[in-house]
Structures are given as structure tokens and as C-alpha cells.
Amino acid sequence: MNSTVRGVIYVSVWVVVWGTASSLVDWVLLNADLYETGSFGQAATFTGYGAAAAVLAVKLSQRFLVQAPDDDASAD
């Protein structure tokens with residue numbers, strides 16, 4: 001698989017993970033009346049989960065983005 005395509009898929013998956021995780025937590029916090037829509041708490045939730053997802057994505061990137069030696073041979 002082309003390294004550019006692999007990178008785009010990798011980033012796309014992490015955006016979905018971030019959006020899903022932060023939305024689920026946001027839903028729980030909104031239903032618990034811990035903050036309101038559009039408040040600082042909501043922005044902090046999405047920002048915090050975005051930062052955590054970015055850190056995890058960078059730390060795990062070598063595992064998923066490094067091209068295996070046999071990938072070159074199978075591309076022929």
C-alpha cells in the first residue's frame with residue numbers, strides 16, 4: 001500500500017476515534033448536567049480528548065506506518 005494512502009487512512013481513523021470518544025463522554029456529561037452545550041467544559045472535553053488522541057496517534061504511528069520489507073516485493 002502506498003505510504004501516502006496509509007498515512008491518510010491512519011489520520012482518518014484517529015479523527016474518528018477522537019470524535020467518537022469525545023462525543024460519548026460529552027453526551028454523558030451533558031446528560032448528567034455537569035455543563036451546558038457551548039460551555040467551556042464542552043470545549044475542554046473535546047480539546048482534551050483531541051490532545052490525548054494526538055499523543056496516542058504519534059506514539060503508535062511507527063507500529064502502523066512503517067513499511068514492512070516484504071511490502072516492496074509484493075508491489076511488483
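Predicted, not measured: the structure shown is a model, and the values here were computed from it.
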Of all heavy-atom pairs between [X] and [Y], which one has the smallest distance, and what is that distance?
{"X": "G19", "Y": "S23", "result": "O-OG, 2.7 Å"}
{"X": "A21", "Y": "Y49", "result": "CB-CD2, 4.0 Å"}
{"X": "Y10", "Y": "S61", "result": "OH-N, 3.2 Å"}

Find out if a path of hydrophobic residues (ILVMFWY) with successive side-chain heavy-atom gaps under 4.5 Å connects L29 to L24.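 Different clusters.
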Please name all residues satisfying side-chain contact (heavy atoms from CB on, under 4.5 Å) with V16, sequence neighbours left out, ordered by chain then number. T20
Just by modelled atom types, is the V13 backbone N or O under 3.5 Å from a matching donor or acceptor in the W18 side chain?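 Not confirmed, W18 side chain does not pair with V13 backbone.
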How would you list all residue pairs meeting side-chain hydrogen bond (donor to acceptor under 3.5 Å, both in side chains) that involve residues 36-45, not counting sequence neighbours?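 Sorted pair list: D26-Q42, Y35-T45.
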When you compare the side chain of V17 with that of W14, does any pair of heavy atoms fall below 4.5 Å?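 Yes, their side chains come closer than 4.5 Å.
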